[in-house]
Amino acid sequence: MEVDIQDVAPGIKPAEKTKPKSKKEVRKVFVPRTRQSALKEHWMKIFTPVVDQLLLQIRYNVKNKQVELRLGPETKDPSNLQRGADFVRAFLLGFEVEDALALLRLDDLFIESFEVNDVKMLKGDHLSRAIGRLAGKGGRTKFTLENSTKTRIVLQDSKIHILGNYKNIQHAKRAVSHLILGSPASKVYGNLRTVAGKISERM
């Protein structure tokens, strides 16, 4: 015989099944002290594509020095959260907003980071000279590297960040490594012309 709970305990309603509250996934990107003023200056250029294109929610947590992104009620693709975080991270690494925006348009782009000492252990003046070789006079060498390999490169102290597709990043990384190891820029330029020709053929 079935007994109604109301007969057993009048006034007490059966417990309703409650759905567990879904915790909104959040991505947090730390803002280095050296990029805080740049972030404030370009905030609208970062805020607009994240909200309008990716349909994410974004804010700058001043206390924790972090940019926080999370899925919004209108977000159609959950993977947009990672794409948004990658875009913000690219800018905070030192890339121009326009270059970082390519991460939102193209699926095969990513960033590879390494240090000069990953290629060769250098200290003091030797390290400074190696970084100088990478930049070149007036940034000429870096500019040539970027144009030849269809990448974007940021030199941040002894750290090097390269934005591009996998194959082009490998070409750029190889050229950077040769410069760090002391190869003359003219020789590296010669190799880059060959690389540029192959990249043009593929395109």
Side-chain angles (χ1 to χ4, degrees), residues 27-39 41-42 46 65-67 82-83 85-203:
R27 290 283 189 281
K28 298 179 181 180
V29 187
F30 177 72
V31 182
R33 184 174 51 81
T34 54
R35 295 294 287 169
Q36 286 169 17
S37 59
L39 179 65
E41 183 183 344
H42 297 284
I46 293 165
K65 301 292 187 291
Q66 293 175 333
V67 174
Q82 186 59 52
R83 292 173 69 200
D86 290 341
F87 162 60
V88 173
R89 178 174 167 267
F91 173 76
L92 295 175
L93 286 175
F95 292 99
E96 297 291 334
V97 177
E98 291 72 20
D99 294 331
L101 277 169
L103 290 165
L104 303 185
R105 294 195 307 269
L106 304 169
D107 293 330
D108 64 340
L109 296 187
F110 66 102
I111 296 169
E112 184 162 338
S113 302
F114 61 100
E115 295 197 28
V116 171
N117 285 334
D118 292 338
V119 179
K120 184 179 182 181
M121 289 298 294
L122 297 170
K123 292 182 180 179
D125 291 342
H126 295 291
L127 178 59
S128 300
R129 280 197 290 272
I131 295 168
R133 281 198 300 275
L134 293 178
K137 189 175 181 179
R140 181 178 169 228
T141 302
K142 183 175 88 74
F143 184 70
T144 303
L145 282 173
E146 290 177 328
N147 283 347
S148 301
T149 59
K150 307 293 183 191
T151 59
R152 287 292 177 266
I153 300 170
V154 167
L155 305 176
Q156 196 176 58
D157 297 326
S158 63
K159 292 181 181 177
I160 300 150
H161 309 290
I162 306 176
L163 167 65
N165 66 33
Y166 178 78
K167 284 189 176 179
N168 292 353
I169 284 177
Q170 299 313 307
H171 290 312
K173 194 174 179 182
R174 196 172 297 117
V176 166
S177 297
H178 286 316
L179 287 168
I180 291 172
L181 292 170
S183 293
S186 56
K187 184 178 180 182
V188 175
Y189 287 161
N191 293 335
L192 283 174
R193 278 193 288 273
T194 306
V195 167
K198 289 179 180 177
I199 291 175
S200 298
E201 286 174 12
R202 285 206 307 269
M203 294 177 71

Any chance [atom1] of [X] has more than 12 other-residue heavy atoms, nucleotides or ligands included, within less than 6.0 Å?
X: Glu96; atom1: CD; result: no
X: Arg129; atom1: CZ; result: yes
X: Asp157; atom1: CG; result: no

Minimal non-hydrogen separation, [X] against [Y], with atom names:
X: Thr151; Y: Gly164; value: CG2-CA, 4.4 Å
X: Ala100; Y: Phe91; value: CB-N, 4.2 Å
X: Arg133; Y: Leu179; value: NE-O, 2.8 Å
X: Ile153; Y: Glu146; value: N-OE2, 2.8 Å
X: Ser113; Y: His161; value: OG-ND1, 2.7 Å
X: Val116; Y: Ala130; value: CG1-CB, 4.5 Å

Original post:
Hey, does the Lys NZ or Arg CZ of Lys173 hover above the aromatic six-ring of Phe114, less than 6.0 Å from the centre and inside 45° of the axis?
Top reply: yes
*asked:* With side-chain contact (heavy atoms from CB on, under 4.5 Å) as the criterion, how do Ile169 and Asn165 come out once you've worked through the C-alpha distance, each side chain's angles and the decisive distance to 0.1 Å?
replied: CA-CA 6 Å; Ile169 284 177; Asn165 66 33; 6.0 Å; no
Any [X] side-chain heavy atom under 4.5 Å of [Y] side chain:
X: Leu127; Y: Ser158; answer: yes
X: Lys187; Y: His178; answer: no
X: Val67; Y: Phe30; answer: no
X: Val188; Y: Val176; answer: no
X: Leu122; Y: Asn117; answer: yes
X: Leu103; Y: Ile111; answer: yes

Approximate separation, where rounding is to 0.5 Å, of [X] [atom1] and [Y] [atom2]:
X: Leu134; Y: Ser177; atom1: CG; atom2: OG; result: 9.0 Å
X: Phe87; Y: Leu92; atom1: CZ; atom2: CG; result: 9.5 Å
X: Tyr189; Y: Leu145; atom1: OH; atom2: CG; result: 7.0 Å
X: Arg140; Y: Lys142; atom1: CZ; atom2: NZ; result: 14.5 Å
X: Leu106; Y: Arg83; atom1: CG; atom2: CZ; result: 9.0 Å
X: Arg27; Y: Gln66; atom1: CZ; atom2: CD; result: 13.5 Å

**OP:** Hey, can you tell me if Phe110 and Tyr166 have their rings parallel, tilted or perpendicular (30° and 60° cut-offs)?
**Re:** parallel
Going by distance alone, is a donor N or O of one side chain under 3.5 Å from an acceptor N or O of the other, for Thr149 and His171? no
Does [Y] offer a backbone N or O that forms a donor-acceptor pair with the side chain of [X] under 3.5 Å?
X: Ser128; Y: Gly124; answer: yes
X: Arg152; Y: Ile162; answer: no
X: Gln156; Y: Leu93; answer: yes

